[in-house]
Amino acid sequence: MTLPHAVEALFRQGHIGEIDRYLAALIAELTGDEDGDVPLAAAMASRNTREGHICIDLKAVAGRHWPGTPEPVSADLLLPELEDWRARLAASPAVAGPESAASRPLVLDAAGRLYLYRMWQRERSVAARLRELACRETPEPAELQKALDELFGGDPRNALPRKAAHVAVSRHLCCISGGPGTGKTTTVARIMMALTRVGQVKATDIVFAAPTGKAAARLQEATRESLREMHGGGGLPDELAVEVGTVHRWLMQSEAERGRAKALIIDEASMVDIHLMSRVLRALPARARLILLGDASQLSSVEPGSVFADIRGAAASERSPLRRCVVNLEHNWRFGPDSAIGRLAAAIKSGNSGAVEQALQQPQEKSVGFEVLDDSAGFEELAERFTREHYAPLVERFRSMDNAAQFESRENPFRRFMALCAHRGGAFGSERFNRQVEQRLRSLGLVSAGEEFYLGRPIIVTRNDPGGGLANGDTGIVVNCGDDSNKVWFPDLRDAKGKVRLVTPLRLPPHESFYALTVHRSQGSEYEEVACIPGPTDSPVNTRELLYTAATRAREKVVIHGSREGLKSATERETFRGSGLQDALKAGAA
């Protein structure tokens with residue numbers, strides 16, 4: 001069947017992909033749709049899913065030109081008026097209503113949101129399971145208040161962390177939201193102790209996980225440090241030696257292994273998309289607790305959905321069962337009221353571009369800064385400068401090491417400085433930055449032509465490798481172990497005996513160099529100093545969530561390299577994810 005003209009025009013102009021066009025053609029063939037309104041909606045639903053949305057809100061787009069097409073446009077590219085469009089969709093045999101038992105390609109809900117069937121199914125199952133967990137309470141143990149007194153003391157700054165621990169013990173769903181430095185990891189370590197002290201679970205029944213290997217390593221390190229502090233700085237009992245893996249690694253365990261978990265704690269939950277959350281909730285043992293840690297102001301997941309932000313948003317409703325399950329930590333232990341990074345992050349978070357510019361224009365402040373970067377040539381000069389100041393000395397240092405003892409006790413040297421790009425590809429992307437750095441290292445004679453695993457090369461794993469014990473996001477450095485063979489040292493990983501993790505290059509899963517990372521890749525990490533490179537002024541990728549995420553990766557200094565116009569537009573551009581999850585979570589118990 002011939003596709004509607006609008007769908008063909010959108011495909012030719014690059015506004016939809018081949019898969020979107022194929023779905024529209026399938027709908028047209030199944031329904032015999034002559035005017036194309038339903039196939040057009042199917043193409044949009046498919047495209048929007050790939051762009052991170054769970055659904056289309058028809059009210060937001062009906063009667064307007066197709067998103068991304070310049071005005072004025074031809075009548076073919078104007079979307080139908082709302083009431084006509086809803087009526088045609090409701091009458092189509094390809095579209096089911098929310099209460100329909102029929103399995104159809106599309107679902108139209110009562111609020112005028114259109115879903116691909118699988119996305120509607122995911123959203124509905126996640127909402128039902130979260131509401132169920134939120135409504136499940138545990139009688140308060142007699143020892144709870146005493147345990148909380150011992151763990152949190154009388155410091156008023158610990159009032160909200162203490163509340164979070166109370167929620168985690170008394171309910172089966174606990175969501176802890178807060179920016180970097182608000183004590184989420186310390187709080188969860190105390191939650192672990194509270195759960196064990198009141199006899200709810202054993203320490204070995206608690207599973208810690210994060211969406212990426214990098215975030216998992218950071219959570220493990222920070223939680224162990226918090227537990228050591230609670231034990232007077234000494235060693236930890238074996239049962240408290242927290243081991244953190246990725247969420248995917250936990251899901252790949254057998255049902256019997258997963259069934260032993262009585263509490264699942266997931267850090268960096270803002271990175272968990274609707275598909276992954278659906279899998280987690282299906283795999284979660286029936287009587288287990290779920291504790292989520294995250295920052296709703298950070299970037300949402302790469303895949304569809306903004307689950308953590310939707311949970312936090314739903315909790316603001318008095319009628320939502322999640323209202324008593326969400327605790328927002330407010331006191332910042334890292335960035336005090338005089339912290340320039342803290343003021344910058346707060347200004348970005350508020351969407352106030354004037355306040356952001358003011359925060360960056362304080363000559364006396366050395367911890368924040370702004371440098372103009374307008375074009376591709378400036379980007380290349382920046383890569384050369386960073387090579388000279390940061391990367392060449394680092395590579396030279398590793399070239400001088402010739403045995404494992406020289407780096408075994410060292411921290412990851414790439415935690416000191418990191419360049420973060422908004423984009424992966426293009427003139428301002430991390431891929432080009434990494435190429436530029438390696439070309440400069442070759443011109444300095446630090447890397448031989450054709451040498452792949454040169455000493456000091458930073459490597460990031462890009463695909464999970466359960467058999468080899470490596471996960472997407474794990475980072476390593478090529479080192480000389482003294483036996484004339486180069487290996488990759490993973491500073492954040494240890495083997496079963498606590499020894500440093502060394503992997504021969506031939507055993508590496510897919511990987512790449514990382515002198516720069518995308519901001520998305522950096523989530524869950526911290527660096528002493530960060531250089532943020534937003535890139536093109538008009539890029540829709542640049543949002544306040546991206547700037548906030550980049551700025552809050554830094555502990556001591558952050559410099560933004562871009563244009564003032566781009567900084568202003570990014571601060572004022574808020575990420576929107578089409579979703580009905582927040583409304584579904586406001587409803588009563590499932």
Does any N or O in the side chain of Ser350 come within less than 3.5 Å of the main-chain N or O of Ala347, such that one atom is a donor and the other an acceptor? yes

I'd like to check the side chain to side chain contact (heavy atoms under 4.5 Å, CB included) partners of Asp375; sequence neighbours left out, ordered by chain and number. Ala377

Answer yes or no: are there more than 12 heavy-atom neighbours, outside Phe11 itself, under 6.0 Å from its atom CZ? yes

For Glu512, check salt bridge (charged side-chain N to carboxylate O under 4.0 Å, His left out) against everything at least two apart and list the hits. Arg424

Does the side chain to side chain contact (heavy atoms under 4.5 Å, CB included) test come out yes or no for Leu292 and Met277, once each step is laid out? CA-CA 11 Å; Leu292 303 175; Met277 183 60 76; 4.1 Å; yes

For Gly580, is there any backbone N or O sitting under 3.5 Å from a side-chain donor or acceptor partner on Glu123? yes

For residues Val307 and Val272, determine if any side-chain heavy atom of one lies less than 4.5 Å from a side-chain heavy atom of the other. no

Hey, are the side chains of Ser525 and Met418 touching, using non-hydrogen atoms and a 4.5 Å cut-off? no

Atom CD of Glu18: over 12 foreign heavy atoms under 6.0 Å: yes

Arg432 bridged to Glu380 by N-O distance under 4.0 Å: yes

Please confirm whether the backbone N or O of Leu508 pairs with a side-chain atom of Asp465, one donor and one acceptor, at under 3.5 Å? no

Would Arg218 and Asp267 count as a salt bridge (charged side-chain N to carboxylate O under 4.0 Å, His left out) if you check the C-alpha gap in whole Å, the side-chain angles of each, and the deciding distance to 0.1 Å? CA-CA 10 Å; Arg218 175 64 189 150; Asp267 194 18; over 6 Å; no

Answer whether the closest heavy-atom distance between the side chains of Glu357 and Phe370 falls below 4.5 Å. no

N-O pairing of Arg47 and Asp20 below 4.0 Å: no

Does the side chain to side chain contact (heavy atoms under 4.5 Å, CB included) test come out yes or no for Val207 and Ile265, once each step is laid out? CA-CA 6 Å; Val207 175; Ile265 298 172; over 6 Å; no

Ring centres under 6.0 angstrom apart (Phe414, Phe514): yes

Of all heavy-atom pairs between Ser125 and Arg122, which one has the smallest distance, and what is that distance? OG-O, 3.0 Å

Report yes or no: does Arg544 contribute a side-chain atom to a donor-acceptor pair with the main-chain N or O of Ala570 at less than 3.5 Å? no

So SG of Cys421 and CD1 of Ile533: to nearest 0.5 Å the spacing works out to 4.0 Å

Applying side chain to side chain contact (heavy atoms under 4.5 Å, CB included) to Lys59 and Leu82, what does each step give before you reach the verdict? CA-CA 6 Å; Lys59 296 188 296 295; Leu82 179 60; 3.8 Å; yes

Who passes ring pair (Phe, Tyr, Trp, His ring centres under 6.0 Å) against His561, sequence neighbours left out? Phe386

For the pair Ser306 (side chain) and Asp310 (backbone), establish whether a donor and an acceptor sit closer than 3.5 Å, ignoring hydrogens and angles. no

Given Ile348, which partner from the list Leu546, Val356, Thr552 fulfils the side-chain contact (heavy atoms from CB on, under 4.5 Å) test? Val356

Could you please spell out the steps behind the side chain to side chain contact (heavy atoms under 4.5 Å, CB included) verdict for Trp85 and Leu89? CA-CA 6 Å; Trp85 206 4; Leu89 287 165; 4.1 Å; yes

Any chance CD1 of Ile19 has more than 12 other-residue heavy atoms, nucleotides or ligands included, within less than 6.0 Å? no

Is the His53 ring parallel, tilted or perpendicular to the Phe576 ring (thresholds 30°, 60°)? tilted

Shortest non-hydrogen separation from Val461 to Pro509 and the atoms involved: CG1-CG, 3.6 Å

Side-chain heavy-atom pair Ser270, Asp295 within 4.5 angstrom cut-off: no

For a 4.5 angstrom cut-off between non-hydrogen side-chain atoms, does Ile460 reach Asp474? no

Gap separating the OG1 atom of Thr475 from the CD1 atom of Ile459, nearest 0.5 angstrom: 10.5 Å

With a 4.0 Å cut-off, would you call Glu132 and Arg129 a salt bridge? yes

Is Arg50 atom CZ crowded by more than 12 heavy atoms from other residues, nucleotides or ligands, each under 6.0 Å away? yes

In terms of relative ring orientation, are Phe453 and His511 parallel, tilted or perpendicular, with 30° and 60° separating the classes? tilted

Considering only heavy atoms from C-beta outward, does the side chain of Tyr548 approach that of Leu299 to under 4.5 Å? no

CG-CZ distance between Leu581 and Arg124, expressed to the nearest 0.5 angstrom: 13.5 Å

Taking atom types as modelled, is there a side-chain donor on Asn48 or Arg577 under 3.5 Å from an acceptor on the other? no

What distance separates Leu79 CG from Leu58 CG, expressed to the nearest 0.5 Å? 9.5 Å

From Tyr527 atom OH to Leu420 atom CG, the distance as rounded to the nearest 0.5 Å: 6.0 Å

Min side-chain heavy-atom separation Arg553-Gln298 under 4.5 Å: yes

Using only heavy-atom distances, determine whether the side chains of Thr518 and Ser430 contain a donor-acceptor pair under 3.5 Å. no

Can you check whether Pro304's main-chain N or O pairs, donor with acceptor, with Asp273's side chain at less than 3.5 Å? no

What I want to find out is whether Glu565 reaches Lys568 closely enough, with some N-O distance under 4.0 Å, to be called a salt bridge. no

Does any donor atom in the side chain of Glu268 or Thr212 lie under 3.5 Å from an acceptor atom in the other side chain? no

Supply the atom-to-atom distance Asp37 CG to Ile27 CD1, rounded to the nearest 0.5 angstrom. 13.5 Å

Would the distance check show the side chain of Ser563 and the main-chain N or O of Thr537 forming a donor-acceptor pair, the cut-off being under 3.5 Å? no

Can you tell me if Arg282 and Ser278 form a side-chain donor-acceptor pair at under 3.5 Å? yes

Could you tell me if the side chain of His423 sits less than 4.5 Å from the side chain of Ser539, heavy atoms only? yes

So, Arg573 and Asn542: side-chain donor and acceptor under 3.5 Å apart, yes or no? no

Do Gln436 and Glu384 have a side chain donor and acceptor closer than 3.5 Å? no

